[in-house]
Amino acid sequence: MGIPDASPGGDSRRKDFIREIVAADVKAGKNGGRVHTRWPPEPNAYIHIGHAKAININFGIARDFAGQCNLRFDDTNPTREEQEFVDAIKEDIRWLGFDWHDREYYASDYFDQLYEWAELLIRKSKAYVCDLSAEQVSATRGTLNEPGINSPYRDRPADENLDLFRRMKAGEFPEGSRTLRAKIDMSHPNMNMRDPVMYRILFANHHRTGDSWCIYPTYDWAHGQCDSIEGITHSLCSIEFENHRPLYDWFLEELGVHHPQQIEFARLNMTYTVMSKRLIKQLVDDGIVSGYDDPRLPTIRGLRRRGCTPGAIREFCEIIGVARQDSTVDVQLFEHVLRQDLNVHAPRRMAVLDPVRLVIDNYPEGAVEYLDAVNNPEDESAGTRKVPFSRVLYIDRDDFRQEPVPKYWRLFPGNEVRLRYAYFVTCTGCRRDADGNITEVHCTYDPETRGGDAPDGRRVKSTLHWVSAAEAIQAEVRLYDHLFLTGNPMETENGREWKENINPDSLKITKNAQVEPSLAQVEAPWHCQFERTGYFCTDRDSRPGRPVFNRTVTLRDTWARIQKRRGK
RNA sequence: UGGGGAAUAGUGCAAUGGUAGCACGCCUGACUCUGGAUCAGGUAGUCUAGGUUCGAAUCCUAGUUCCCCAGCCA
């Protein structure tokens, strides 16, 4: 599925601007023709499909150029990072199908080296200990339109800086009382260059280094140097770091060490969902979704539970391309890729989500016959299975109407349809309860059409799925829809909140679905297509004899479109 | 004293001075034991205004719109 083998020199199918740069570098012999990338998550949240894009770019480019991609946890802030997320992120990357082999690194692996380099910059008078508080630093930084002013501590002699910095490390000063700052230019038009903080004092327990440090490097100070240590050649990140590139370059140049090239690309946005850690957390914390693996979330765990396949996610990441401009991918493209994958791989089953009894009046009472059903018309090797058929079946309520409307080809009095893999039946009428609800549909069958074909060559316009009532298994089916009503959930009418755009019908649960008996003991996660309905995946809430299915995505549905156009 | 980016069908991505193309979406039709899949066809675009050139999405000038930056977050 669109995942070509490694091919030195690049893969011809893809030609994004980053691959062009990398290819040119390889051709020019830069870095000895070596390509080495890294994916650097901060272990403070579960990753989502936007991260999958970044993962695919970094691992994909390494693969295409016969290089390597490291996994590096950017764990420079002990106040927000946890081992739990390290484990979860690793699991998610593996599930997506990527492998960093033994190259699992942590920014914290390099704390010693980073510290030494900081002393080097101090000795070069390129860094100083600043006694200003956070508020004071902020107040003296200036604004977008005004230059900042120099810290009164800016010209401290190197020796004094060194002494102070060592005492910072030794824990002699309270949290927040001092920082180490790079000495660059307080009037630089790029705010990142206005003497950025390199170290802050934090008496926090780190998930890997414990209490051995009380000063921690900032992202800007750590990232480029970590890249350099690992011999990264191309440091790929999202567009909001573009303003940091001059600083990234400045540190590396001052240090005179291996200098990877930072290249930025646009992050992924998708319609009808939100793609930010902060917003996803709010949805979870507010109980709007059930947790980080809620199938309505774009988290990898959510997508996985929903039944999305790693192959489809990878293909999606390929197909959306890589560019620098802000964009929002239509979720329909994702659904298309999902269907494309599932269509080929998912076995077919029959499941009736909203059951109504169908009684075949001329079929012998008590008889059961087992009919052959094809498991996957797209894959002959998937074989066939036996499905029980009897006098009383369940069909979906939607598949019968007392009064047909134009283009409605399913069951209505007098109309003949095919029961998939079974017989032609002709509707004779229905029964209703006291309130007028249809309780039973009646029909007669033609014994000559066993298997689904009429010997006289007559045709029907419609084929229905069904299950035999006596043999059916009751199942819970969870029907998911977009979490938001609007393509861009953040776009609200004045005074309104984004959460008001949440789709109240994003989850509909049916506990009384009737499914064919072969579905009684499926183990999670298992993908299949419910014929004519959609692709489903078993949920981890399934119990033996009581399966629970999540709808991954519906089938394309022209009838629904016809109805929608009619205004319903 | 502001700086850095980005603008191509509805959406996403190509075209690297030489016929604006692909995918999704949408619309037709064919086929079909899933109103699925498949197949065939159609729809629709270079932010604006100038300029250079035989020729401009691409180069130049001016403008417009959108995004990012004032964490001791990443």
Side-chain angles (χ1 to χ4, degrees), chain A residues 14-17 20 40-42 44 74 76-77 79-81 130 132-134 137-139 141-148 175-181 187-194 196-202 215-216 218-220 222-223 237-246 264 266 268 271 277 319-337 339-340 343-344 348 350 373-374 377-378 407-410 418-422 424 451-453 459-465 487 529-535 554-562:
Chain A
R14 289 179 299 265
K15 216 173 42 166
D16 57 72
F17 79 99
E20 276 179 28
E42 182 189 13
N44 73 339
D74 221 333
T76 55
N77 188 344
T79 63
R80 19 187 280 168
E81 293 145 11
C130 181
L132 256 27
S133 68
V137 168
S138 172
R141 186 160 15 236
T143 69
L144 295 178
N145 300 302
E146 299 159 312
E175 199 164 295
S177 63
R178 285 183 162 90
T179 56
L180 183 73
R181 293 224 260 166
S187 60
H188 197 106
N190 180 339
M191 302 284 284
N192 294 128
M193 300 296 271
R194 320 242 264 225
V197 170
M198 294 167 63
Y199 277 96
R200 69 282 218 197
I201 300 172
L202 250 26
I215 55 170
Y216 289 93
T218 56
Y219 165 85
D220 283 311
H223 202 88
C237 61
S238 45
I239 212 82
E240 69 269 24
F241 290 101
E242 185 159 20
N243 296 333
H244 294 249
R245 196 172 65 222
E264 311 83 18
L268 171 67
T271 56
K277 289 179 179 179
I319 220 169
I320 56 174
V322 183
R324 291 178 65 89
Q325 61 177 315
D326 291 351
S327 61
T328 302
V329 175
D330 194 333
V331 72
Q332 285 182 103
L333 179 57
F334 182 59
E335 292 170 351
H336 165 76
V337 174
R339 290 188 186 108
Q340 199 171 259
N343 177 46
V344 179
R348 315 288 131 119
M350 291 199 282
V374 173
E378 303 292 325
K407 290 196 177 172
Y408 185 85
W409 306 320
R410 283 114 93 150
R418 173 190 296 111
L419 294 178
R420 180 139 231 223
Y421 301 125
F424 283 15
D453 285 301
R459 318 188 74 119
V460 289
K461 289 213 77 170
S462 177
T463 300
L464 307 187
H465 61 281
Q529 182 199 100
F530 289 167
E531 297 229 17
R532 304 210 304 137
T533 305
Y535 294 98
T554 60
L555 252 33
R556 267 180 91 244
D557 188 347
T558 27
W559 170 242
R561 241 176 296 158
I562 290 169

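All figures in this text were calculated on a predicted structure; none of them were measured in a lab. Throughout, protein chains are lettered first and strands after them, A, B, ... in sequence-line order, and every chain is numbered starting at 1.
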Are the side chains of [Y] and [X] in contact, using a 4.5 Å heavy-atom criterion?
X	Y	answer
A:E242	A:R324	yes
A:M191	A:T143	no
A:Y535	A:L555	yes
A:R200	A:T218	yes
A:W559	A:K407	yes

Quiz item: Is the ring centre of A:W559 under 5.5 Å from the base ring centre of B:rG35, and are the two planes under 30° apart, so that they stack?
Solution: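 Yes; by the centre-distance and plane-angle rule, A:W559 counts as stacking on B:rG35.
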
Partner of [N] by Watson-Crick or G-U wobble geometry, both contacts under 3.5 Å, or none?
N	value
B:rA56	none
B:rA30	B:rU38
B:rG25	B:rU43

Self-check item: Along RNA chain B (nearest heavy atom to each residue), the more 5'-positioned of A:R80 and A:N192
Solution: A:N192

Quiz prompt | Position toward the 5' end of RNA chain B (nearest nucleotide), A:R561 or A:L144 | solution =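 Comparing both residues, the 5'-ward one is A:L144.
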
Counting the atoms with a prime plus P, OP1 and OP2 as sugar-phosphate, which does [X] contact under 4.0 Å by heavy atoms, base, sugar-phosphate, or nothing?
X	value
A:P377	base
A:Y216	nothing
A:T179	base
A:V322	sugar-phosphate
A:K461	nothing
A:Q529	base

Length of the line joining [X]:[atom1] and [N]:[atom2], which is rounded to integer Å:
X	N	atom1	atom2	answer
A:R194	B:rA70	CZ	C1'	7 Å
A:D326	B:rC69	CG	P	11 Å
A:E81	B:rC72	CD	C1'	14 Å
A:Y421	B:rU32	OH	P	16 Å
A:D557	B:rG25	CG	P	14 Å
A:F17	B:rA15	CZ	C1'	17 Å

How far does the [atom1] atom of [N] sit from the matching atom of [M], given to the nearest Å?
N	M	atom1	result
B:rU8	B:rC59	P	15 Å
B:rG36	B:rG25	P	13 Å
B:rC47	B:rU28	P	31 Å

Self-check item: Inter-residue atom distance A:I201.CD1 - A:Y216.OH, 0.5 Å rounding
Solution: 12.0 Å

Quiz item: In terms of ring plane angle, is the pair A:Y219 and A:H244 parallel, tilted or perpendicular, where the classes change at 30° and 60°?
Solution: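 Answer is perpendicular, since the angle exceeds 60°.
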
Self-check item: No-H, no-angle donor-acceptor pair, A:R410 side chain to B:rG35 base, under 3.5 Å
Solution: yes

Nearest of [options] to any side-chain atom of [X]?
X	options	result
A:I239	B:rA74, B:rG36, B:rG5	B:rG5
A:T463	B:rU34, B:rA7, B:rA14	B:rU34
A:Q332	B:rA74, B:rC26, B:rA7	B:rC26
A:N243	B:rU8, B:rU32, B:rG4	B:rG4
A:Q325	B:rA6, B:rA70, B:rG2	B:rA6
A:E240	B:rC72, B:rC68, B:rG36	B:rC68
A:R556	B:rA70, B:rC73, B:rG25	B:rG25

Quiz item: Phosphate oxygens OP1/OP2 of B:rC73: is one of them under 4.0 Å from a side-chain N or O of A:T218?
Solution: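 Answer no for this pair, as no side-chain N or O of A:T218 is under 4.0 Å from OP1 or OP2.
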
Exercise. Check whether any side-chain nitrogen or oxygen of A:T533 sits under 4.0 Å from OP1 or OP2 of B:rU34, and answer yes or no.
Key: no

Practice problem: Tell me whether B:rG10 sits syn or anti, counting syn as a glycosidic angle within 90° of 0. | Solution: anti

